[in-house]
Amino acid sequence: MKTLKSQNKSFSQEIYTWYSLFGRNNLPWRKNISPYRVWISEIMLQQTQVKTVIPFFNKFIKKYPTLKSIASASEDDILALWTGLGFYRRAKNIYKTKEIIKNDFKNRFPKNFDELILLPGIGRSTAGAIMSIAYQESYPILDANVKRVISRYKKIDLNGKDCTKQLWLTSEELTPEVNIFEYTQGIMDLGATVCTSKSQDCMRCPVNKNCKSAYEDINTRPKVKKERSKKKIYFTLAHSNDSFLLFKKNEKSFWESLWVPYDTNGLKGNDIFKEPANKKITNINHLLSHMELDITVEIVDYKTPFKVKTNLEHEWISKDQIHNYGLPKPIMTIIENHG
DNA sequence: AAATCGTGGTC
DNA sequence: TGACCAAGATT
């Protein structure tokens, strides 16, 4: 019988070995690993670069180091720690999930994939990451790194139909039963440092031998051509005695549940404000992923805070308390710079 | 199932 | 410098 046992190590073994030599071991969520910390980091890392997440993760963990410590946190508490990070639904989902874990799991972090994937904000990839990193059980992931690495390795067209299904099947095939922790971290590190979206350093790649795209100058990026719709927003930001009048945004749209100035809804003369002692208008162009905001903010200064006649949820928030509230980045910037 | 959901890194 | 895109999930 012809035994064609390959002299080469398998894909996962190569990744494992490479990780032990070149893995990024200094990332904060790779220290003191717990299911809770893995969960928080994985949520923050969704569609967000490592470099961006690091300070947010550290700040979050400093305030809420454990599942127990976050048990009684409010949604606003969690949103406050998300200010400036974006995709604020993630923070709301962290709130929902910790409530579910508290009420339905006796505040013990779920250990099964089937339980994890039912939790808000945890999809297949995040559940797989928690299983493999926190519990060291063999589950595939499919984040941007894995997508890129295996699509090049197997030459899967990222613009093709059903490519997501193919990618998941491929990720399953390549995912090992053993050393799952190192493999999962390793393939992400490989995608982040060697096989990046803008450069393919095939010379340093541990799986270049069987890679169908090795040393090819290919572009595996999917075509994304999205028109950004434009939206005008008119805010009136009342300020007095170092406090700012903010309203909780309750529409099911962007920045939901964050605190913003009064939205005049495009009406020039607004109803709930008296004539201010001083006013100033600033204009900001702010990009979201799917739209372009043209924000006009009229900052109106008053000698003393006044009672606001409205049914809208609102508060006068002092500057030293502002960081306990969830605000969109551009609004936070305006407030920090005013005064 | 295409749209929605943020912000900053990177070149 | 504008454009791509990043440890995706949800509806």
- Query: Any donor-acceptor pair under 3.5 Å between the side chain of A/R228 and the base of C/dA3?
  - Reply: no
- Item | C1' gap between B/dA3 and C/dA7, integer Å | 22 Å
- Item | Euclidean distance for C1', B/dA1 against C/dT11 (whole angstrom) | 10 Å
If you look at every strand shown and take non-hydrogen atoms under 4.0 Å, does [X] touch a base, only sugar-phosphate, or nothing?
X: A/A144; answer: sugar-phosphate
X: A/L287; answer: base
X: A/R30; answer: base
X: A/W82; answer: nothing
X: A/F254; answer: sugar-phosphate
X: A/G191; answer: nothing
X: A/S289; answer: base
X: A/L85; answer: base
X: A/S253; answer: sugar-phosphate
X: A/L27; answer: base

- Message: My understanding is that only residues two or more places apart in sequence, or in another chain, count here; which of them pass salt bridge (charged side-chain N to carboxylate O under 4.0 Å, His left out) with A/K249?
- Response: A/E251
- salt bridge (charged side-chain N to carboxylate O under 4.0 Å, His left out) against A/D263, all qualifying residues, sequence neighbours excluded: none
- For DNA chain B, the residues among residues 44-55 of chain A that have a non-hydrogen atom under 4.0 Å from it: A/Q47, A/T48, A/Q49, A/K51, A/T52
Interatomic distance where [atom1] belongs to [X] and [atom2] belongs to [N] [whole Å]:
X: A/I94; N: C/dG8; atom1: CD1; atom2: C1'; result: 13 Å
X: A/R90; N: C/dA7; atom1: CZ; atom2: P; result: 12 Å
X: A/Y95; N: C/dA9; atom1: OH; atom2: C1'; result: 20 Å
X: A/I43; N: C/dA6; atom1: CD1; atom2: C1'; result: 15 Å
X: A/I284; N: B/dG6; atom1: CD1; atom2: P; result: 16 Å
X: A/K198; N: C/dC4; atom1: NZ; atom2: P; result: 10 Å
X: A/L327; N: B/dT7; atom1: CG; atom2: C1'; result: 15 Å
X: A/E256; N: C/dT10; atom1: CD; atom2: P; result: 15 Å

Answer yes if the side chains of [X] and [Y] hold a donor-acceptor pair under 3.5 Å, and no otherwise.
X: A/S213; Y: A/E216; result: no
X: A/E315; Y: A/Y325; result: yes
X: A/T126; Y: A/Q46; result: yes

- Got a donor-acceptor contact below 3.5 angstrom from the A/Y36 side chain to the A/Y64 backbone? yes
- For A/R148 and A/G191, indicate whether the former's side chain and the latter's backbone hold a donor-acceptor pair under 3.5 Å. yes
[X] vs [N]: side-chain N/O to OP1/OP2 distance below 4.0 Å:
X: A/W39; N: C/dA7; value: no
X: A/R148; N: C/dA6; value: yes
X: A/K329; N: B/dG8; value: yes
X: A/H290; N: B/dT4; value: no
X: A/H286; N: B/dT7; value: yes

- Among the nucleotides C/dA9, C/dA6, B/dT7, whichever has the atom closest to the side chain of A/S197 is C/dA6
- Note on the structure: Closest to the 5' end of DNA chain C, once A/D189 and A/G121 are matched to their nearest nucleotides, is A/D189
- Close aromatic pair by centroid cut-off 6.0 Å: A/W316 and A/F306: yes
- Could you pull out the closest heavy-atom pair between A/K279 and A/V300, with the gap in Å? CB-CG1, 3.9 Å
